[in-house]
Amino acid sequence: MRFGGSALSTLPSSLPSPLVLSSCRPPFLLPIFKSNNFEKICLNEFNNSKQKSFDVLAGFPEDSASLNSPMSSKETCRAELLTAVRQLEERCLYSASQWAGEQLLGIELDPAKFTPSNTRFQRGSSSIRRRFRTNEITSTPLAGVSYVSTPVMEEDDVVDGYFYFAKSCFMCREYRRAAHWLRDQNGKKAIFLRLYALYMAGEKRKEEEIIELEGPLGKSDAVNRELVALERELSMLRKNGSIDPFCLYLYGLVLKEKGNENLAQTVLVESVNSYPWNWSAWSELQSLCTTIDILNSLPLNNHWMKDFFLASAYQELRMHNESLAKYEYLQGIFSFSNYLQAQIAKAQYSLREFEQVEVIFEELLRNDPYRVQDLDMYSNVLYAKECFSALSYLAHRVFSTDKYRPESCCIIGNYYSLKGQHEKAVMYFRRALKLNKRYLSAWTLMGHEYVEMKNTPAAVDAYRRAVDINPCDYRAWYGLGQAYEMMGMPFYALHYFRKSVFLQPSDSRLWIAMAQCYETEQLHMLEEAIKCYRRAANCNDREAIALHQLAKLHAELGRSEEAAFYYKKDLERMEAEEREGPNMVEALVFLATHCKGQKRFEEAEVYCTRLLDYKGPEKETAKSLLRGMRMTQSGFPSMDVEHFPP
Amino acid sequence: MAGILKAPGVFSITPHKVSVCVLLQVYAGPNQLCIPYPFSTVSQHNRLGLYLLALTKSCDDILEPKLEDLINQLREIWTSEDWLTDHLTSRLSSLSSADDLFNFFTEMRGILAGVENGVVEDDQIILDPNSNLGIFVRRCILAFNLLSFEGVCHLLTNISLYRKEVLSGHVPYEDELVDSGRDIESTTDYENMDLENFVYERVTEEIEAKRRAGKKIPFHLHASRTLVSLVEDFKIPEKTKFKESCKLKEASPYQASMDDLFKDMDGVFLCSNWQIQGYLSQQADAIEKECNSLPLNAFELILRQLESLAPELHRVHFLRYLNCLHHDDYTAALENLHKYFDYSAGIEGCDIASSSGNNNFGRYEVALLYLGMLHFHFGHPKQALEVLAEAVRVSQQHGNDSCLAYTLAAICNLLSEIGITSTSRLLGSSYSPIASMGTSFSVQQQQFMLLRESLKRAESLKLKRLVASNHLTLAKFHLLHVQRPLLSFGPKASMKLKTCPVNVCKELRLSSSLITEFNTENSVMMIDGAQSTAWLKQLHKLIGSSVFVDESSEIRSNADSFFAQPSSVPGSVLQLVGSSYLVRATAWEMYGSAPLARINSLVYATCFTDNSSSADAALAYGKLIKHLATYKGYKAAFAALETTEDRFMSVSKSQMLMLKLQLLHEHSLHRGQLKVAQCLCDELGFLASPVTGVDMDLKIEASLRHARTLLAAKQFSKAAAVAQSLFCMCYKFNLHVQNANVLLLLAEIHKKSGNAVLGLPYALACLSFCQSFNLDLLKASATLTLAELWLSLGASHAKRALTLTHSALPMILGHGGLELRARAYITEAKCYLSDPCFSVSENPDVVLDPLGQASEDLQLIEYHELAAEAFYLMSIIYDKLGKSNEREEAAASFRTHITALDDPQDETNEQYN
């Protein structure tokens, strides 16, 4: 708990999708890692784009399954991915290529064809992980989903020295040079690479300008100056009909950046329908799907990549269970994919299954020790569980892997925060924000730190920025509410709590926070508080605050029946979880008195007897209660307590 | 972030500043001549100097003028030839490498009277390094020297972009782009606009938007035009220029989209922080004044652009809030309010803060205050009270006295506007002086104490506006409530259960003395940037009138306006003073002086409508129209209504709509169209908010009218039941003035139902209410009813009835409306007629005169029932007198009225429904 015992301090916000994230890093900070980060797009060689078979099996909904056996589906996937990796890499779409490669490795090899030594390095053997795997849908694909058959693209056959030289320039991050040498090339691959290089050049310049011209409040009007020219050329290409899926992706990217989101959506859909393996295109598309309606209205072909897309979109839309189901289904094919594991961890994290998240990440780190993506979530879990040494170990590890990544800074910030060194934590969160201004969780976490430091205006500011980046970030709304509550403005804070509860109605902590707000002495709106606690009790309230409070409030309002009901429930729960404490005593005392009042002496006796196990004034109360009951029952005043064991 | 306090603006060198430097070089070039080369006269030289001075003063900018604007302005100033602009562009284009820039700034050093020269020759025009222009040059040079090489490169590219926008309007490929580009752009504008707000938008606006779309006018053109017409009241000068700028915008979308907002203002450059602040506050006033002229989305679009331009200008969010508020968009208003206060922490750009002059004023308690007002506006009294109570608590906690004073005033307003039966829980817990005195007080007593507390605070804090508005609220309080001693135990020595009109007058006078105090106060009270916009207007006027009649004097006056403070009284003060006149009018209405009420509303309507909110103005006009209806008949009233209706129709909770319904109801009641009347009064009832305690006036009005309709339909018991329940409600909410009316209505009901004995106590009760609240006209009318009641008890009471009628006549004849007067006349005549001692033949004029008057008046208001009665009486009298001709005439009139009553035609009503 960061402060005041209120429950939410352990809520770091979710990560933006890794691809988007990495692209925001100023490249000059990391001269060593030249290859990735910047390459949103990869290219593949479908210059003639004669996609031979592009037939959507008529009728989306389930008819004949084209994949008969799981194994064959794995084989198709593998074959497709293998081509895709090469094609994407050819076009310098490195991060998409990386993604595809990761999935490729994630496919389980057919044990019939490979000896155990081949599979030795694949993961999944850990018994712990097996234990936690929830359901065993290992490899049956969802029955009856028909997939689009694989489009095969023909490659440019004329690939000359210019292209390879340009490509190597691109790899050395000399984008303008690459574009220059491709200026007269007419192959599709060359056209794409030229445009993409231009785009990258613009991006690079933009990043530099942001740093050079940084105004107050991080205001910067730096824009990618190539966008206009790119848009013109790409729209021409599209009009001519000579555009390939990769250029479509680039076009979508440009449109999105120019703010023309509808057209961007259309173009991206075209792109992924004709070439589904470009994960970058999918994730751009996903960032445009801000509501479930938009998502459902997309005319997407049924390819297995769509499942990845849907899963990640569901996650962004906070439909965690749906997302988890999709991921678990995908795990049937890509059993060993790190990406899938991380995503599952993310979904579990959102469902607050911290134990599972921890196990998954341990596993992940064992298999892929230098992976930094998504590790900030792991650090959040460690933070919540107050694992000092594990968190410091993690921080050290990412620090030595790549210290200038927003995630790394975030992890270090979390560590300092756990240590109570809030100034340092803020410094690291700030660094994370410097690396990526739109890094949501850093804003939120920084808000938490400011709250800790009692600098509420700064906290409000930080939270507000998070909310402006993503208005669905319920943690930031919650933080705002918390900050205002701290300032003694509970009624004002309610607005924010309402927002956060609206976005995440299944989180008991939010309801409890809201209830506590209603309960404050200034407001004292107990009826509303009761309603909130009831909601909290209905959604898996782990700390069992809600039940206790419900009982107490009812008792306070003189509704002893309801109070007794909730005390009893609370008691049962404490028994089930083997917890003891003042709450237990309180419940027992109340129930004993209540039952006595209701003339249910036997029940009352049970409670009193249990109370006798405790020390303190309650024991005396129990004794006197018992004595009183004896008296009324037998009418015999001389009955003594000595009959009962102390 | 810790970014609560803004970093002070950095003076950085920009292309615009380079141009100014070029001009400065021309102005103060190291020439040996008295007048340097390009200038022919001294005044020409001076004019450029003044212009440059103005430019340098506006250099703390968010956005700078484009080269095009600059050139246009130069052309206006430099009427003779284009030398200057040519020089400027050529000089700019000669800056093609970093070294050129270095040389340029080294040259700039030459125009300063340097220390190294030592001697300054008399003839030489050289800038004093400590003058305004000199400082500007020095700052530019310094800023340039501080630049890193990257910075110099940026400057170079910026200069070339800046220059290109003027020169390269016609690069070949740009043309083909224009089409597609425009399509895309306009669609995006549309979509962006629609996404969030369309849902909440009101139907009318939707229709409007559709119509707009149907006309195929690109949206941004439309928006900009409204903007222009709002910002300044000048015409868009040249269409061609305007189009040109649009084209340019598309040619280089990125540069242009940044500032098309400003470009669209065509010539006016709105750039400094102050100016934008000024623009915003101007808009805020405009929203309040006439929100109907400002479509929600158009303004929203402008604000969004502003926001992207200047993210640190949080006031934009506030304007958005205002915009949504006045367009009744609750969710968006709430959202924007919170956003504004989250970002600004209640410090930046808060009018209360600037007027109180208290620097550490305002943290989040201001947010609570505003939130309270928001809830109040939308008719959520419970939330409003809750929030305001919290505001009281927080401002006490933070020791923010002025906010506390404002909050208390807001609570008072809330209490006086909204009927609340018991505030004990809400205020008892929050506000200590009251809490300590216990909850045994009535709501009014609490309210009175709060008012006095708030007044005391406001006085000690010297919040003059607040003092004035508190006096106003106190006046209202004195008007409506009998003051009782606060401690009611002990012998009730001198309890005078009467309102005190003197107090009302005193408070009113105190409140309007604000305006005199204002002369002594200087422009500290001025809202930020108001001057800047005034200055802008001046500049534009100057440029607009391209012919200078008398150059030197024009310039001088212009120059004066650069520095002089406009001495007019701020709008908010005028508004307050205006509302004191409105209160006056209402007070006189209640006390029963029709001419005074009318004069006060007239004063308001003529003098203060410019500065008032449209709701207030509508109220004043409404009063005037009502006056017309009661004293001149419906025809005149409807005619007046028609002319004013358009102006106020879109005001939320429109006064005009209510007034129209009221008038129509009355009219149809008089003409006997009961079904229509019932419809109208139901409609009136629907206008009121369903929340208890909100819109009390409207609710009371509606059920009064309902009872009256039932009465006219002769459903006495139902009418009585409605009136009874109304009485209970008024009693519950302590609305005694309204209760007097209800009592009179009850008396009326019993009179009509033939139960005169039952009616008497009601009439007497009404009289005593009228006495204690000084409702003179109502008292006269109650006396009249009393007389009628006595009269209906039998002829033996005719004398008494006559005396009563006569006692009421002076008041009624002096101030009563047509209907009341007619009733009085008829009653008088009836009294005489039923008096056994009175003989018609002796002095027929005693009865005929009043009856004649009454019939005239009644025909004017088309009150068929009473008119028929009058004619009936007349014909009987004539019959007695044996004047058969007159008798036939009167009888015929009687018949027309009776048939009209039985068979109502409703042509006029069609027109208004």
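To find a chain, count down the sequence lines: A is the first, B the second, and so on, and within it residues start at 1.
Heavy atoms only, all atoms of each residue included: Glu390(B) and Gly488(A) are closest at CG-O, 4.1 Å. Smallest separation of non-hydrogen atoms from Glu386(B) and Gln522(A): OE2-O, 4.5 Å.
The shortest distance between side-chain heavy atoms of Leu161(B) and Arg225(A) falls below 4.5 Å. By the 4.5 Å heavy-atom criterion applied to side chains, Phe491(A) and Leu388(B) are not counted as neighbours. A heavy-atom distance below 4.5 Å is not found between the side chains of Met487(A) and Glu365(B). The shortest side-chain heavy-atom distance between Asp461(A) and Asp342(B) does not fall under the 4.5 Å cut-off.
When each of Val467(A), Val426(A), Asp468(A), Thr456(A) is scored by its heavy-atom pairs under 4.5 Å with chain B, the top score falls to Asp468(A).
Only the side chain of Leu480(A) comes within contact range of chain B, with at least one heavy atom under 4.5 Å from a heavy atom of that chain.
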Between His495(A) and Leu371(B), does the side chain to side chain contact (heavy atoms under 4.5 Å, CB included) criterion hold? Intermediate values first, please. CA-CA 11 Å; His495(A) 172 255; Leu371(B) 186 62; over 6 Å; no
What verdict does the side chain to side chain contact (heavy atoms under 4.5 Å, CB included) test give for Tyr484(A) and Val394(B), after you've listed the backbone C-alpha separation in whole Å, the side-chain angles of each residue and the deciding distance to 0.1 Å? CA-CA 11 Å; Tyr484(A) 280 110; Val394(B) 177; over 6 Å; no
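Relative orientation of the His338(B) and Tyr492(A) rings is tilted, given thresholds of 30° and 60° on the angle between their planes.
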